[in-house]
Amino acid sequence: KDAPSGGSNNSAGGKKMTIALLPKSKGNQYFATVEKGARAAATELGADLLYDGPTNTDPAKQNEIVEGWVNYGVTVIAAACENKEGISAALKAAQDKGIKVVTYDSDTTTDARSFFVNQATAEGIGNTLMDEAARLTGEEGDFAIITATLTASNMNEWRKHIEARLKEKYPKMKLVDTKPCDDQKDKAQQEATNLLSAYPNLKCLMAICSPAVPGAAEAVKQAGKAGAVKVLGLGLPSENKAYVKDGVTQSVILWKVEDLGYLTIKAAAAVAAGSLKAGAAEFDAGKIGKMEIQGDNVLLGKPFIFNKENIDGFDF
Amino acid sequence: MRALKEVSFDLHAGEVHALLGENGAGKSTLIKVITGAHQPDGGRITVGGVEVSQLTPARARALGIACIYQQPALFPDLSVAENIALRLEKTSAWQRVRWAEIARRARELLQRIGAEIDPATEVRELSMPEQQLVEIACALGAGARIVIMDEPTASLTQKEQHLLFAVVRELRAQGVGVIYISHRLEEIFALADRVTVLRDGESVGTNPVAAINEASLIRMMVGREVSAIYPPAESAPGEVVLALCGVGCAAGGVRDVSLEVRAGEIMGLAGLVGAGRTELARILFGITPADSGEIILHGRRVAVASPRIAVAAGIAYVPEDRRRHGVILEMPIAANMTMAIHPRLFPGAWLRFGAERALALDYIRELAVKTFGPEAPGGSLSGGNQQKVALARWLATQPKLLILDEPTQGVDVGAKGEIHKIIRRLAKDGLAVLMISSDLPEVLGMSDRIAVMRGGTIAAMLPGHSDAHTVMAAALGQPGKAAA
Amino acid sequence: MGKYFRELSVAAALVLLLVVLAGIAPAFFELQPLLSRLTAQTPALIVAVGMTLVIICRQIDISVGSQFGVCAVVAGLLAAAGLPLSVVLLASMAAGAAMGALNGWLVAGLGLPSIVVTLATMVTWQEALRLFQQGKFINLPAGVQWFGLAQQRGQLTLIATAVVLLTCAAWAMKNLAAGRHVYAVGTDAEAARLAGINPRGITLGVFILLGALAGLAATLNIVQSPQVDPKAGGGLELKAIAAAVVGGVAVNGGRGNLWGVFVGLLLLATINPALTYLHVEAYWEKAIQGLVILLAVVADGIRSRKGGAK
Amino acid sequence: MSQPAPFFKTLLARPEAVLLFVLVAELVFFSAVGRNFNTADNFANIVRHSAEIGLLALVMMPIILTGGIDLSVGSLLGLCAVLFGVFTHEWHIATPLAAALTLVVGAAAGGLNGGLITGLRLPPLIVTLGTFSLFRGLAEAITKGTMTYKDFSPAFLALGHERALGLPYQGWLFIAIAVAISVLVHRTTFGRSFQAIGFSPEGARYAGLPVQRRIATTYVLAGFVAALAALVFTARLRQARADAGSGYELQAITAVVLGGTSIFGGVGTVGGTVLGVACVAVLTTGLKLIPAIALQGIGSELGSLLTGALLIFALAGGVLAKSLAARRARRQSLAKPQPQPIT
Ligand SMILES: Nc1ncnc2c1ncn2[C@@H]1O[C@H](COP(=O)(O)OP(=O)(O)OP(=O)(O)O)[C@@H](O)[C@H]1O
Ligand SMILES: Nc1ncnc2c1ncn2[C@@H]1O[C@H](COP(=O)(O)OP(=O)(O)OP(=O)(O)O)[C@@H](O)[C@H]1O
Ligand SMILES: [Mg+2]
Ligand SMILES: [Mg+2]
């Protein structure tokens, strides 16, 4: 039951390391891509990878899965937290049993994990989105947000930062409405259609969940407002390539998702093996290079902005 | 359980063949086999000399077999015309429905049996007897070679019965074979050419009606002697138990009913179909509470707003439709019998299984219910035994006023005599009985007084020894004759 | 009037809502968004038609959203493989019909309760699809959107398809023997059997029809954009059931009218955009939807009580 | 008189017996194949993770027994969780009082369902479909979707995390409610009337039973226990949010039906429901402890998928067994005695 000893990078010596990877939800291309990167890293390390999560975003289910893993006896857990406080106790309980914990994608409370593999902070995402929207609209005019559900906590976090940034820097811009799309492209498209006509002065649609970006773009395209109303959001290049090339969608903001999965597993294994300790300034993540560490955050690098010029270079 | 053993039975064209037997003898089951509703385990069925196997309702219809089931098999949400059409049309799924034609034919058929029913009404709005009339119209319109009638007169009054008899005779004249099931022996003698008696799922014998009399028929049915004579009245009426002053309920079509029933008295309630007798009973039992007038029990006015209040006040009601209202078919006999006395038998809401079983066994014995035991579900019993269970439930409440709605409808002679004796005994013990019945001999034979209803109100109050003619005249609204 | 009270009162509520919108937010009636909104409802309308038949037959199918998702992915994959749209449509409808047949067999053949059967198949198809597709979008080739027509033409084609289908179904339910048989089976299956109708066949039939319609709806959905979202169809069953219920279809079978369902769907589909146009914040949406359903049935309840007391 | 049937035959004829068999098979299988399945911690997990759904299933059972259904319990759980947060955090009511208040609100919300269903004679499926949206919508409106209540008192949180005699607190709560409901359904006239109503509401009315009051009782009870489940849920997750309990209604219905309660009403036992809850909980937890499945990353999907399949097989198996039994009975019926009046 004690923390397994031999969890180093070689599987030959000692017990095989078991790494558990928790997505916010399954059946979602974003996390499927994370898993892809993670599996590559696990194979490289010769470690077992468990991948499980709620089928729909559900903090209660996340807790249950973590508690199940504690009982299963995994070496280290890497979690993307749907809800900061909701899961922290379960993660702390895992730590008490000698299981190492790192987080990725979205963090929990700092005492419930050793490192956070940070692809971008909530503040960073919020600011980037807001700044990009301001750039596209010339810092003035109405805009609206399309989110997944009104209870999705990381999106609510981003919205908070977006609104803070808006207040602080862009007095001539106005957030007129925020609509949920239930994580469905079609619903996002309908909401966007209504927003476009209900707010004739709308200059920009900001879609902060991935199916909403193509949904909003399709609505703008069908309304014949391509270019006149800017579309930006957080999404995957593959889902948005056509719209970006047609000039409907201006910017898609994201990080290299597969690298996030890869880095997370590498870091988790290193934490478990004891080779990554508090105070380190740098982490060698193998094929994707050396990553900077700030405090207890392992940084993947700044979020990318995909646009017409560079989108062809990405295939996820 | 095996409902039918070896039954051999033949039907000629142009004859009325009566099928007779005690409750549970297997008459309805035999009918269901003939119409393809149930599959037989063995044996052969031939129609017009051709053997048929794998009979389904659709094939039976194609062969020219039409049936009026004991329980109306109608669609309450559809109109009368549509109901008739569904039974009569060849059912090719992609055929168009010809609405005008359907309505016309329905009107025609209903007129032929003298039923005043608008073909456009939904069947749910019809009373039981009216539904029975629609069933008869269906069978009539089918142009069938074989028409089966399972207790068609059970809920009809004399006027409709006569119309029905005319229809049956007309069918016979057209060369149609009619199988006619009834517990009323006089009907059989009036109508049938031959009669087959079933007992315990076996045929006891087939005879021409001319060669047989009532006593021998009864002997064949029950295998013993039974007197078909009504037990004599033994009690002298006491104080007034129930008094009604101008009671009415607009929704039920009942108005201004005034009536007194005394302890130890059997008050017969006669009337034609739709005269409002069942509605009156439903008012007294709080199912459709009265909206005018006063109900006075033992000198105290009671507002009977729900069956619960009625039960608490000492009113018991054995309803007309026993399968829907009288017993819960899926529940054990014991649970059925104790259902109305929960507060008394189970103080503090705690079930006492021993007490329940004992009580059920008492009543099973007392009323001679034919069953495997108190745990058997109510649905496993035949109609007459179900009626005894329904009666037991209400006797267990030790009521002051017992309302019986068609207490012997569909009950065989043996059981009928037993039920009559029970009713008499209850009256003797001081119970006030209000007995609704469409069986005129029963009303005449059992009642101390007879109230005749017409158009939702009391049309006449007659003494118990009145003759049938007077009662009918009052029910039909011919005051001159009634007075005579 | 009395017979169509429910349909008319729902229509009145819809008209009232539209009048309010016309007064406060005339932009609601701009052609393009209006057309888009109607187009977006065509899949729901087609599924609601099938659902209505199932409910009239005294059954229910809560797996239809999952069926829709499976059909959408089948259609999407075939279309992405470059097959002609007619083949795509047939395959999608066949897939739907097969899933409907499974439901129908379990319900009609084995006599299992439909709410439970379809609860089980809903979960099963949904999870199977998740395992298979992992949420990945399917990108469609250029000629698929709007059947290769211009946008407005395509939208009108879709709307026309749905309305024609609705009209045919409504006519058939009233005037074809098969339609009346559905009502008869829904009212009393045993009586229907005795009347020579095959209740099992009818029940199986409505489930297969609903499945096939889900396939049709899925195909009509994928042509509305250049990508297929495998999560499409989530919540569709509730939408179709709510439309039927608000439109006056009795959940215990035997009664209902497709035009009522049409109006019910329009009312429900108007509320959500109306909130946007009236600048009501989004978090009121669910509460208001629930309230509308409750009001519709409460009005019905009060009316039938009054009717009963008359 | 009826012959006492052979013990095993009667046992196998009951759906509960089949479920018990399935449960034992699951336990044996997962003990053999699963990793760390047979541990106290794992059983504590199973209990904690299924307590709320179990509670909802327990009160769904009497409702389904009367022939009704309640789709709103999951949403009501969410609303009650949020209200509890409002009471403690915004109105600053002491935790015990806030909990009591939440229970009252839950019962009242159940009363709304019951009132509409019985007062206006509306079909439960529709009424609770409406309140399913309404309750969730109110929870979202109160929190504007975003508000999360956290930092509850440690004494309250113990409800979700501590154990007594090895069993988590919510396990004891579940047992208490299960016993209470079982007594109510199987040992009192309430249960008797639920059953009668389920078989035939009209028949029950003609027997003088207070049909509408009894039906309303089941919904009020459901509301009350849904609020209780909300408290347990909040204590377990240490927070209250508007999305609490999403989808729980269907899982509760699944457990009840799996437990042998007829969706048409009248037939069912509380013991069966408990077994139904246990079968699903053990199955979904056990699957994730099988290394081969965990490594494939398909634990959650497979759990749901198999639950669906189990439901179908349990129902279909019941039907097939019944028809086989009927066929055998028909063959033997010649030998059986006919019913006689008991003298
Ligand atoms: N569904 C059933 N399952 C088992 N036994 C049944 C069923 N229906 C009827 N029986 C039994 O079959 C026997 C014959 O019943 P049937 O209804 O044919 O009698 P019947 O002669 O029509 O009586 P009645 O005059 O009361 O209508 C009865 O003993 C009854 O208990
Ligand atoms: N809401 C209503 N509006 C109008 N008429 C009604 C209504 N409800 C019932 N009726 C009619 O009132 C009449 C009284 O029916 P009821 O069943 O009381 O007759 P009955 O005398 O008991 O006859 P039977 O006992 O032979 O059935 C019936 O014709 C019935 O159709
Ligand atoms: Mg019979
Ligand atoms: Mg009557």
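These numbers were taken from a predicted model, which means no experiment stands behind them. Note on naming: letters A, B, ... go to the chains in the order of the sequence lines (proteins, then strands), and numbering restarts at 1 for each one.
Legend: residues meeting side-chain contact (heavy atoms from CB on, under 4.5 Å) with A/Ala32, ordered by chain and number and at least two apart, are C/Gln134. By the side-chain contact (heavy atoms from CB on, under 4.5 Å) test, A/Ala207 is found to be paired with A/Ala212, A/Val213, residues two or more places apart in sequence or in another chain being considered.
No more than 12 heavy-atom neighbours from other residues, nucleotides or ligands sit within 6.0 angstrom of CH2 on C/Trp125. When the shell of 6.0 Å around NZ of A/Lys225 is examined, it contains more than 12 heavy atoms from other residues, nucleotides or ligands. Atom CZ of C/Phe132 has 12 or fewer heavy atoms from other residues, nucleotides or ligands within 6.0 Å.
In terms of non-hydrogen atom pairs under 4.5 Å with chain A, the most contact-rich of C/Gln152, C/Gln145, C/His279 is C/His279. Looking only at heavy-atom pairs under 4.5 Å with chain C, the residue among A/Glu35, A/Lys26, A/Glu191, A/Lys221 that has the most is A/Glu191. Between chain C and the options A/Asp183, A/Asp177, A/Val176, A/Thr33, the largest number of non-hydrogen pairs under 4.5 Å is found for A/Asp183. Contact count versus chain A (heavy atoms, under 4.5 Å) is highest, among C/Gly235, C/Ser225, C/Ala40, C/Gly233, for C/Ser225.
Within residues 194-204 of chain A, the residues that have a heavy atom under 4.5 Å from a heavy atom of chain C are A/Asn194, A/Leu195, A/Ser197, A/Ala198, A/Tyr199, listed by number. Annotation: residues 244-261 of chain A contacts chain C through no residue [non-hydrogen atoms, separation under 4.5 Å].
In this structure, no portion of C/Gln133 lies under 4.5 Å from any heavy atom of chain A. Contacts of A/Ala242 with chain C are absent, with no heavy-atom separation under 4.5 Å from either backbone or side chain. Heavy atoms closer than 4.5 Å to chain A are found in both the backbone and the side chain of C/Gln227. In this structure, the portion of A/Gln190 lying under 4.5 Å from any heavy atom of chain C is its side chain and not its backbone. Only the backbone of C/Gln224 comes within contact range of chain A, judged by heavy atoms closer than 4.5 Å. Residue contact with chain C, scored on non-hydrogen atoms closer than 4.5 Å, involves the side chain of A/Tyr243 exclusively.
For the pair C/Phe137/A/Ser238, no side-chain contact is recorded, criterion being any heavy-atom separation below 4.5 Å from C-beta on.
Taking every heavy atom of both residues into account, A/Gln222 and C/Ser36 meet most closely at OE1-OG, 3.7 Å. Across every non-hydrogen atom of A/Thr55 and C/Glu127, the tightest pair is CG2-OE1, 3.4 Å.
Distance CH2/C/Trp284 to CG/A/Leu150: 12.5 Å, rounded to 0.5 Å. Rounding to the nearest 0.5 Å gives a distance of 7.5 Å between CG of C/Asn221 and NZ of A/Lys185. In this structure, SG on A/Cys181 lies 9.0 Å from NZ on C/Lys231, to the nearest 0.5 angstrom. With rounding to the nearest 0.5 angstrom, the CD atom of A/Gln189 is 13.0 Å from the CZ atom of C/Arg37.
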Next on the checklist: Is there a side chain to side chain contact (heavy atoms under 4.5 Å, CB included) between A/Lys187 and C/Asn272? Walk through the geometry before answering.
Outcome noted: CA-CA 11 Å; A/Lys187 177 105 192 286; C/Asn272 176 32; 4.0 Å; yes
